[in-house]
Enquirer: 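Before I ask anything, here is the structure I am working with.
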Amino acid sequence: MADHAYITTPIYYVNAEPHIGSTYTTVVADALARFHRQRGVTTVMQTGTDEHGEKIAESAREAGVSPRDFVDDVAAKFRATWDSCGMQYDSFLRTSDPRHVEFVQGVLARLHEKDDIYFGSYEGLYCVGCERLYTEKELKDGLCPDHLTKPTEVSEPNYFFRMEKYKDAVRAHIEKNPRFIHPEGYRNEVLSILKEDLGDLCISRPKERLSWGIELPFDRDYVTYVWFDALLNYLSGPAILGREQELWPATLHLIGKDILKPHAVFWPTMLLAAGYPLYERLGVGGFWSSGGHKMSKSLGNVVRPLELRDKYGMDPLRYFLLRDMAFGQDADFTEEALVTRLNADLANGLGNLVSRTLAMSKKYFDGEIQDVRPIDPADEALARAFARARAELDAQIDNLAFHRGLGAIWEAIDAANKYVADQAPFKLAKDEDQKPRVGAILHNCVEALRVSAQLVAPFLPESAERIREALGLAPEKFARLDLAWGAAFETGHRLGGPINLFPRVES
């Protein structure tokens with residue numbers, strides 16, 4: 001594992017408020033950042049908002065406000081949502097930030113000086129919703145594949161970036177580095193794109209048509225194309241923090257599959273032209289539908305994260321998103337499925353282990369930890385189950401397989417619940433001579449709780465913190481991952497009383 005990790009979400013376009021799709025990507029980034037920090041890796045997570053372009057100017061006109069007022073309002077909603085959801089981001093970058101604007105103009109000036117930007121004629125089929133040109137081949141029945149609207153034929157003089165010049169170098173890098181794009185299906189898709197003629201990328205709009213954008217430093221009558229502006233956030237963020245040399249290119253970009261081409265084709269060619277090393281990895285997530293249908297305001301099936309958090313708690317929502325979507329594939333959101341996960345895995349699994357362990361410790365020993373001896377083969381088997389979970393978790397998270405990583409943890413939690421049932425301390429406690437064995441069993445159960453809490457902490461941070469408090473562990477002893485079995489609690493250490501970590505939802 002590297003010494004540094006720089007993890008980014010897309011900077012979310014402010015023509016829509018946060019929804020379950022943007023929440024999922026931010027949860028993934030937050031969980032990965034927490035995972036790396038727990039293992040002692042210096043980690044920076046960046047998110048933010050993409051605030052320029054024709055769509056924003058159009059949405060502001062429809063709302064009857066200036067573009068600046070419009071983006072200020074929506075950016076504040078994104079930030080407030082992520083704060084309310086407990087996301088631990090280090091940088092929230094807005095592309096209207098003057099420091100980002102200055103950075104973008106600096107890159108544009110350098111590329112113009114080396115003749116990688118030139119003036120030419122721009123024409124083609126343009127989708128305002130995507131803010132990009134399409135070829136006839138890319139359209140679906142003559143319509144934009146994402147917005148299902150007919151593109152507009154446009155023709156005007158503009159500035160172009162020599163993207164075609166760097167295409168072969170990007171393709172060679174992807175072929176040489178199989179982990180560059182994940183999952184593999186998207187890697188193959190990008191390689192197919194790069195085998196065809198890309199053409200050069202139009203990177204400007206005339207200010208007489210669009211004034212809401214970053215002015216070109218070499219021609220103030222034009223503003224830069226929104227993607228050329230937006231993608232540079234991944235560099236301007238570390239530069240603003242004063243950590244560009246430290247963080248780049250130790251990078252994982254997390255995106256949705258709808259913005260694959262800009263991130264896997266436009267962005268690498270821009271980096272090569274500007275003299276930067278390519279990012280390390282691109283993680284491409286799938287789409288969430290709602291009840292089997294694409295989410296839309298008109299259908300009334302948009303899933304709002306804060307409503308779900310208020311109803312079920314943030315950790316159950318995080319768990320569901322990470323467990324029920326295989327990263328890179330599409331998934332369907334239903335409230336019924338969330339409740340099923342909450343009851344079956346959280347309440348009956350981890351929650352049951354917490355409540356029964358603390359309750360028996362309180363009942364039989366007034367909450368005091370007993371000696372872990374005598375040791376039984378079943379105790380050693382339980383410790384091995386959690387060691388396997390740690391190893392499997394690390395392997396699966398490296399592959400962005402969050403559902404499998406969580407599944408590995410829950411196999412160990414299930415083993416701990418089975419251990420309680422098989423060892424039956426509630427029966428042994430009836431025999432005074434068996435009290436030392438009861439104490440040892442409960443000591444092992446408390447160890448299982450401690451290790452479970454540390455393993456789930458990146459994914460269920462609020463629940464892990466509640467378990468830590470119930471176990472009476474100091475925060476500094478819990479922050480770094482320590483799965484050494486049997487040494488965390490001294491005999492006589494006092495536990496808190498039982499807690500109902502995940503109340504069942506009866507509906």
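What's counted below: heavy atoms across the whole structure, side chains too, no hydrogens, waters or symmetry copies.
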Enquirer: Would you confirm whether N233, through its side chain, and A230, through its main-chain N or O, come within 3.5 Å as a donor-acceptor pair?
Expert: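 Yes.
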Enquirer: Using a strict 4.0 Å threshold on nitrogen-to-oxygen distance, state whether D73 and K77 make a salt bridge.
Expert: yes
Enquirer: Could you pull out the closest heavy-atom pair between L260 and I255, with the gap in Å?
Expert: CA-CD1, 3.9 Å
Enquirer: Quick one: do R390 and E392 make a salt bridge, cutoff under 4.0 Å?
Expert: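 Salt bridge flag = no for E392 with R390.
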Enquirer: Strictly under 6.0 Å, is that where the ring centroids of H4 and W248 end up?
Expert: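 Between W248 and H4, which both carry aromatic rings, the centre distance is not below 6.0 Å.
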Enquirer: Please name the residue in the list T49, L231, T95 that meets the side-chain contact (heavy atoms from CB on, under 4.5 Å) test with I11.
Expert: T95
Enquirer: Taking C-beta and beyond as the side chain, do T9 and L254 meet within less than 4.5 Å on heavy atoms?
Expert: no
Enquirer: Is any NZ, NE, NH1 or NH2 atom of the basic residue among R437 and D379 found under 4.0 Å from an Asp or Glu carboxylate oxygen of the other?
Expert: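 Salt bridge between R437 and D379, a charged N being under 4.0 Å from a carboxylate O: yes.
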Enquirer: Below 4.5 Å, heavy atoms only, C-beta onward: do R450 and L473 meet side chain to side chain?
Expert: yes
Enquirer: For residues V28 and L321, determine if any side-chain heavy atom of one lies less than 4.5 Å from a side-chain heavy atom of the other.
Expert: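 Contact flag for V28/L321 side chains = no.
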Enquirer: Give me each pair satisfying ring pair (Phe, Tyr, Trp, His ring centres under 6.0 Å) with a member in residues 406-443, each pair once, sequence neighbours excluded.
Expert: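 The answer is Y319-W410.
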Enquirer: Within the structure provided, determine whether T340 and D345 are in side-chain contact (heavy-atom separation under 4.5 Å).
Expert: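 Answer no - side chains too far apart.
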Enquirer: A quick test of your reading: do over 12 heavy atoms of other residues, nucleotides or ligands sit less than 6.0 Å from CD of E184?
Expert: no
Enquirer: So, do H253 and Y6 have ring centers that fall under 6.0 Å from each other?
Expert: no
Enquirer: Does a donor on one side chain and an acceptor on the other come within less than 3.5 Å for D83 and Y89?
Expert: yes
Enquirer: Quick one, D332 and W288 - any side-chain contact, counting heavy atoms below 4.5 Å?
Expert: no
Enquirer: Would a line drawn from the ring center of F180 to the ring center of Y279 be shorter than 6.0 Å?
Expert: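 Yes.
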Enquirer: Mind jotting down which residue pairs meet the ring pair (Phe, Tyr, Trp, His ring centres under 6.0 Å) criterion with at least one end in residues 369-404? Sequence neighbours excluded, please.
Expert: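 Qualifying pairs: F386-W485.
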